[in-house]
Amino acid sequence: MTANVIVSGSLRNRLAIILTGGAALLALVLYLVVRALAAQVAQQGQDNILSASMSSVLDTAVIRDGRVMLDFPYSSFSMLNTQADDRVFYAIYEGETLLSGYDWLVVPDDLAPENTLFETTTINGDHLRVATGSRVLIGSDGPRNVSVSIAQTQDALSNTLNGISRNVAFLGLGFFLMSSALAIWAASTTSGQMRRLTTSVTRRGPQDLSPVTKAVPSEMAPLVGSLNTFMSRLDHTLTQSEDFIAEAAHRIRTPLATVRSHAEATLQRVDREDNRKSLQAMVRAIDESSRTAGQLLDHAMVTFRAENLEMSQVDLVELLQELVLGMTPVAEMKDITITMKVEGPATLLGDAILLQNALRNLIDNALKYAPAETRLLVEVSRSPTLSVSVYDEGQGFAPDEIETLSGRFVRGKNMGNKVGSGLGLTIAQEVAVAHGGKLILSNRPEGGACVTLFF
Amino acid sequence: MRYLVLLILLLAPFGILAREWEDLQVFGSSDRPPLRILSSTDTSFFAPIIEDFIAMSPNTSVEYFVTGTVELDQMFRAAPDQFDIVISSAMDLQLKLANDGFSSTVMNVDHPDWAQWHNSLFAFTSEPAAIVINRKAFDGLNIPGRRQDLIQLMRDHPDRFQGRVGTYDVRQSGLGYLFATQDARATETYWRLTEVMGRVGAKLYCCSGQMIDDLRSGDLIMAYNVLGSYAQAQAAISDDLMVILPSEFPTTMMRTILASAAAPDPQRADRFVRHLLKLQSVGDPAIFPLPPLAVSEDFQTQRTINLDPALMTYLDQMKREAFIREWEDAIVQVD
């Protein structure tokens with residue numbers, strides 16, 4: 001089925017890729033956002049300590065004997081102690097003059113008084129966070145501006161950040177894995193609905209064109225609706241053509257019967273040998289045509305009834321006996337003896353008319369193709385399953401045709417000049433299938449064909 | 001003695017080495033340049049350690065330079081590429097060296113966290129500052145247990161102590177300055193003690209060794225803030241000396257080592273630091289004659305000076321000036 005469907009991608013894969021891709025993206029965003037937040041919080045922590053240290057130094061600024069003095073406490077630097085033993089630098093300026101500390105640590109120009117400025121700089125390959133503040137002292141000779149910068153390396157900070165990053169990475173990974181599992185589950189659930197619909201459509205018999213009645217998700221409703229509409233149209237068309245054939249066959253049969261009776265009547269009155277031959281040929285042709293029309297009618301009937309079987313207990317033996325009795329005159333015309341072999345009572349729950357039709361076609365076929373002065377055996381067997389076989393002593397089926405012969409309008413090669421519609425075996429097979437059975441064709445080892453209906 | 005002792009004279013032509021050292025010894029012989037150790041610790045304490053190092057790494061020679069803590073700091077800052085190892089008792093100066101990037105890191109050393117800083121400065125001894133007295137000269141006086149007792153003694157007997165009390169000159173000695181600032185930080189008694197010592201005309205010393213010598217000779221009857229490890233070593237020989245750890249708190253210093261970031265042979269310097277720290281942890285007195293690190297329980301009672309950036313506080317130019325001015329006001333008596 002799928003062999004001649006053009007496939008472009010897979011809904012399940014597409015869904016899974018979109019969902020897992022989305023999850024990966026979200027996990028990445030989560031990682032980046034949390035990491036950025038953590039960096040901000042950690043930096044805030046360092047800034048607070050640097051600011052406190054800087055203020056504690058700046059607060060001690062006084063003017064003594066005309067000089068700016070800062071007698072800052074031990075705690076100003078001890079509070080900067082970190083787990084990673086971060087290095088500390090500082091500079092104390094009065095205006096542009098370095099009072100003490102590291103001279104390379106320059107106070108920024110744009111520093112507003114009573115304001116703390118934070119910056120990150122790199123000096124000799126070390127990342128430093130610098131907090132700078134300033135104060136104005138009023139001396140006897142006017143205002144004097146004192147500024148203090150405290151700088152610290154960021155080892156502890158980056159250690160903390162690395163720790164947090166690692167944890168957040170695990171969190172992101174976990175989130176991604178769970179989302180992926182969820183995505184795959186969602187994708188397969190969704191495609192499962194499709195697969196179930198596909199299975200229910202695929203499992204149908206070739207004749208089943210009834211609408212899909214199973215509940216389907218709303219997204220699939222339009223597709224299933226279209227499918228149902230399409231199938232009902234197809235069903236309608238099929239029925240119409242079957243009806244047409246039946247109607248045509250029926251219409252042809254009646255005039256044919258009229259023509260045949262005229263032809264026979266004329267045959268009684270005609271004496272010339274060549275005219276008689278022509279008329280006899282005509283009668284035979286009419287017979288074949290009406291037989292074909294009958295089979296067409298049978299087939300249409302079988303097709304119709306197969307969908308609405310009228311079940312009842314059918315006695316196969318009785319049915320066969322009636323059929324054989326009815327066919328005996330035809331058999332006698334060809335000097336064919338019909339024998340019945342019955343193991344015992346054989347009843348079956350089935351459609352009597354269909355069964356009769358199928359069996360009649362089997363025997364009719366056998367009579368038609370069997371050579372004159374041969375025997376025909378009709379056997380009812382109950383093991384392994386209930387079956388009816390018809391054996392003849394003709395030339396049998398061509399081995400390469402056994403598989404295909406039961407198709408519609410297929411005719412065997414070994415039939416010589418016999419006229420036939422090719423519908424007999426088809427009808428038998430369709431009846432068998434309608435009853436849950438099958439039709440098996442074979443050749444007997446001692447010669448002749450064997451057709452068996454298993455139920 | 002397996003080590004070769006050379007005199008300073010031999011090295012006189014070599015630039016930076018041409019100055020005067022308190023001591024300079026060369027250990028081992030090698031065709032490679034020697035490992036240069038700049039130290040404030042007396043050679044006798046380090047000789048067995050260096051010999052052990054040479055025994056472990058053949059074809060190594062070591063030059064051991066001894067000088068005062070302040071000089072040591074200045075010399076090393078001026079020429080960090082001339083030395084591989086710096087050992088000093090002035091924790092503050094050492095920490096500042098490490099802070100200023102003069103030290104290289106020695107990673108993954110099994111060493112207590114409180115005894116190292118920035119993986120580059122490692123403490124390897126615990127040495128309290130002690131009161132040392134000359135037992136003979138102290139005859140008849142109560143043995144002081146606390147600083148307060150010292151003050152009382154000197155106030156009660158100014159004549160006996162006059163000119164016979166010694167302590168560090170904090171202007172010259174880095175270790176003396178460290179002890180003084182830590183004392184001053186911890187207790188107000190320090191300033192009263194300094195003032196009383198000044199009143200009895202305290203003698204000021206650059207180094208513990210000289211104070212101990214004067215104590216033994218009887219020139220001093222008491223010295224304050226003497227390096228306990230040196231005093232103990234001498235007290236073991238001389239019965240006259242008595243080492244007293246102030247009972248309220250003995251200020252305890254940790255001797256520290258760092259490998260120069262500009263060391264000519266960084267791997268060898270790294271190896272020496274590891275070797276020293278290993279000897280410290282083993283603590284065999286025959287090889288490691290210095291007092292090993294105090295175990296953590298003693299840590300609080302001994303009041304060990306923490307290795308942290310706060311040590312840089314009193315190194316601040318303004319703070320130092322102010323402290324020394326105050327110290328001079330207290331101890332240098334204007335008659």
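Letters A, B, ... are given to chains in the order of the sequence lines, protein chains preceding strands, and every chain is numbered from 1.
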Response to the item:
If you tally heavy-atom pairs under 4.5 Å between each of A:T153, A:D86, A:V88 and chain B, the highest tally belongs to A:V88
Item to complete: Return yes when atom CG of B:D81 has more than 12 non-hydrogen atoms of other residues, nucleotides or ligands closer than 6.0 Å, and no otherwise.
Response: yes
Worksheet item: When B:D308 is tested against each of A:D85, A:L80, A:N81 for side chain to side chain contact (heavy atoms under 4.5 Å, CB included), which residue passes?
Response: A:N81
Discussion item. Which one wins on heavy-atom pair count under 4.5 Å against chain B: A:A84, A:S100, A:P73, A:G101?
Written reply: A:S100
Practice prompt. Count the heavy-atom pairs under 4.5 Å between each of A:F77, A:F72, A:Y74 and chain B, then report the option with the highest count.
Written response: A:Y74
Practice prompt. May I ask you to check whether over 12 heavy atoms, not counting those of A:L173, lie within 6.0 Å of atom CG?
Written response: yes
Discussion item. Looking at A:D141, I'd like to know if its CG atom is crowded, meaning that more than 12 non-hydrogen atoms belonging to other residues, nucleotides or ligands lie closer than 6.0 Å.
Written reply: yes
Worksheet item: Highest number of heavy-atom pairs under 4.5 Å with chain A: which of B:Q317, B:R185, B:M312?
Response: B:R185
Response to the item:
Looking only at heavy atoms, the pair that brings B:K319 and A:D71 closest together is NZ-OD1, 2.7 Å
Worksheet item: For A:N115, does the CG atom have more than 12 heavy-atom neighbours from other residues, nucleotides or ligands under 6.0 Å away?
Response: yes
Item to complete: Kindly give the heavy-atom pair with the smallest separation between A:F89 and B:D100, and that separation in Å.
Response: CE2-OD1, 4.0 Å
Practice prompt. Pick whichever of B:A98, B:P309, B:A322 has the most heavy-atom pairs under 4.5 Å with chain A.
Written response: B:P309
Discussion item. Report which part of B:L311 has an atom under 4.5 Å of a heavy atom belonging to chain A: side chain, backbone, both, or neither.
Written reply: both
Worksheet item: Taking atom CH2 of A:W185 as the centre, does the number of heavy atoms from other residues, nucleotides or ligands within less than 6.0 Å exceed 12?
Response: no
Fill in: Proximity breakdown for B:Y314 and chain A, heavy-atom pairs closer than 4.5 Å
side chain
Fill in: Spacing of CZ belonging to A:R67 relative to CE belonging to B:M318, to within rounding of 0.5 Å
8.5 Å
Discussion item. Tell me whether A:R12 at atom CZ has more than 12 heavy atoms from other residues, nucleotides or ligands lying less than 6.0 Å away.
Written reply: no
Item to complete: Under 4.5 Å heavy-atom distance to chain A, tell me which part of B:E321 shows up: side chain, backbone, both or neither.
Response: side chain
